[in-house]
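Report on the structure given below.
Start at 1 and go down the list; that is how both ligands and their atoms are numbered.
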Amino acid sequence: MPTIRARIDQIIEDVIRRNRGETEFHQAVREVAESLEPVLRKHPEYAEHKIIERICEPERQIIFRVPWEDDRGEVQINRGFRVGFNSALGPYKGGLRFHPSVYLGIIKFLGFEQVFKNAITGMPIGGAKGGADFDPKGKSDGEVMRFCQSFMTELYRHLGEITDVPAGDIGVGTREIGYLFGQYKRITNRYESGVLTGKGPHWGGALVRREATGYGLVYFADEMLKARGEAIDGKTCVVSGSGNVAIYAIQKLQMLGAKVIACSDSDSAVLDPAGINVDTLIKLKEVERKRLRHYAEVHPTARCLEPRALWTISCEMALPCATQNELHAEDARNLIANGCTLVAEGANMPTTPAAIRLLSEAQVAFGPGKAANAGGVATSALEMQQNASRDAWTFEYTERRLHEIMRRIHHDCHEAASEFGTPGNYVLGANIVGFRRVAEAMLAFGLI
Ligand code: GLU
């Protein structure tokens, strides 16, 4: 019999061999698998039934052609993806990403993460992810609409409110969900609200869904601080990104008395010692769809830096909310040297493994995305509940539910970390909580 450690190493090796070149997927699997050694020791039945091996193989992977016509009448071809990773706990659930970097390995890493994240929320949702290598940057409204319609013309046959429920991610917001929902409704002849989440509030969307990932992240960070006897009030923060997650994380941080002095996009970082103005961010990014550097034209206290210079700014809290592998070992060293004591991930896998190691060694509290950014998908699950009951909830009620969910997620991850002898290690805690829930359901279903 191989030792548990050897068995885990073998699983990782097999994943690398069977999914060649998909480096982000390898990274996500390694991070989870390596933390499961104590769980397998306690539950030999998981190893016996090859639960980890089965979880690492997506249940289904759909790849399709997305042809569309641009404004000049030229034909364009993109590649669409939907990976239904695991449906042990509920219908496939997870966002769609439209970004030129999208390929199968990105969708699989995101889908894999989503399985655990969704389980951690405690809501009845399986894990999935999808998207396309379409670049929405610089495209007209009409081009985005035609792309979304073509994308849905293939994808609709794989979806359904109890089968697979996409939502947004990078490059997919309420506008895109609107075009996708409109096309789904038209093709299927069904006003099936629960087939997509992140809808507009007037056509079935949950209030707070827009704010949910960012607000949830800050609630989670608040719990992390409380567990150390600290508070958000008065803390200096930097937030990477300036999309949906970053904007509403900044807003909630400010509501709780923090000072947010910097954020970024892929072109630049903006440092505003007077505090980032959220209204300007919303106007620039959500209404005018402009680059962040224009922020400095409106606020003379602000100055533009290279995007990566963000991590050299002195702060007590850093929230990476842009994209995968954006915070490197060198950035972690800078944050530690400048007095940062908390990092919580608003994006999916933004911190490299080497950076996580450095932060942990330096006793910086680290909140992994699977737990810290789960408020978005949890509110999607609330939207599904709302749609199933044909109801409409208030902002206050929905936000209260989100807050309770984030508190519970923190509690569960914190407890699991202590149970397995690594108090304060949220990476281990989150992986264990998510894995155990999925594993128990898979065991109950037999070999399927
Ligand atoms: N894309 C988001 C995430 O990474 C949201 C998914 C959803 O709401 O289904 O969790």
Report task. Not counting sequence neighbours, which residues clear side chain to side chain donor-acceptor pair (under 3.5 Å) with His43? List them please. Result -> Glu45
Query raised in the report: So, Phe134 versus Phe151, ring centres under 6.0 angstrom or not?
Result: no
Requested in this report: Verify whether the ring centers belonging to Tyr191 and Phe181 lie closer than 6.0 Å.
Outcome: yes
Table please: side-chain donor-acceptor pairs of residues 208-215 below 3.5 Å, with sequence neighbours left out.
unit_1 : atom_1 : unit_2 : atom_2 : d
Arg209 : NE     : Gly376 : O      : 3.2
Arg209 : NE     : Ser380 : OG     : 2.9
Tyr215 : OH     : Gln251 : OE1    : 2.7

Requested in this report: Find the distance between CE (Met442) and CZ (Arg54) and round it off to the nearest 0.5 Å.
Outcome: 4.0 Å
**Report entry** Set of residues satisfying side chain to side chain donor-acceptor pair (under 3.5 Å) with respect to His411, sequence neighbours excluded
**Finding:** none
Could you list, one pair per line, each nitrogen or oxygen of ligand 1 together with any protein nitrogen or oxygen closer than 3.5 Å, giving atom names and the distance rounded to 0.1 Å?
unit_1   : atom_1 : unit_2 : atom_2 : d
ligand 1 : 1 (N)  : Lys129 : NZ     : 3.1
ligand 1 : 1 (N)  : Gly168 : O      : 2.9
ligand 1 : 1 (N)  : Asp169 : OD1    : 2.8
ligand 1 : 4 (O)  : Lys117 : NZ     : 2.9
ligand 1 : 4 (O)  : Lys129 : NZ     : 3.0
ligand 1 : 4 (O)  : Asn348 : ND2    : 3.1
ligand 1 : 8 (O)  : Arg209 : NH2    : 3.0
ligand 1 : 8 (O)  : Ser380 : OG     : 2.6
ligand 1 : 9 (O)  : Lys93  : NZ     : 2.7
ligand 1 : 10 (O) : Gln114 : NE2    : 3.1
ligand 1 : 10 (O) : Lys117 : NZ     : 2.8

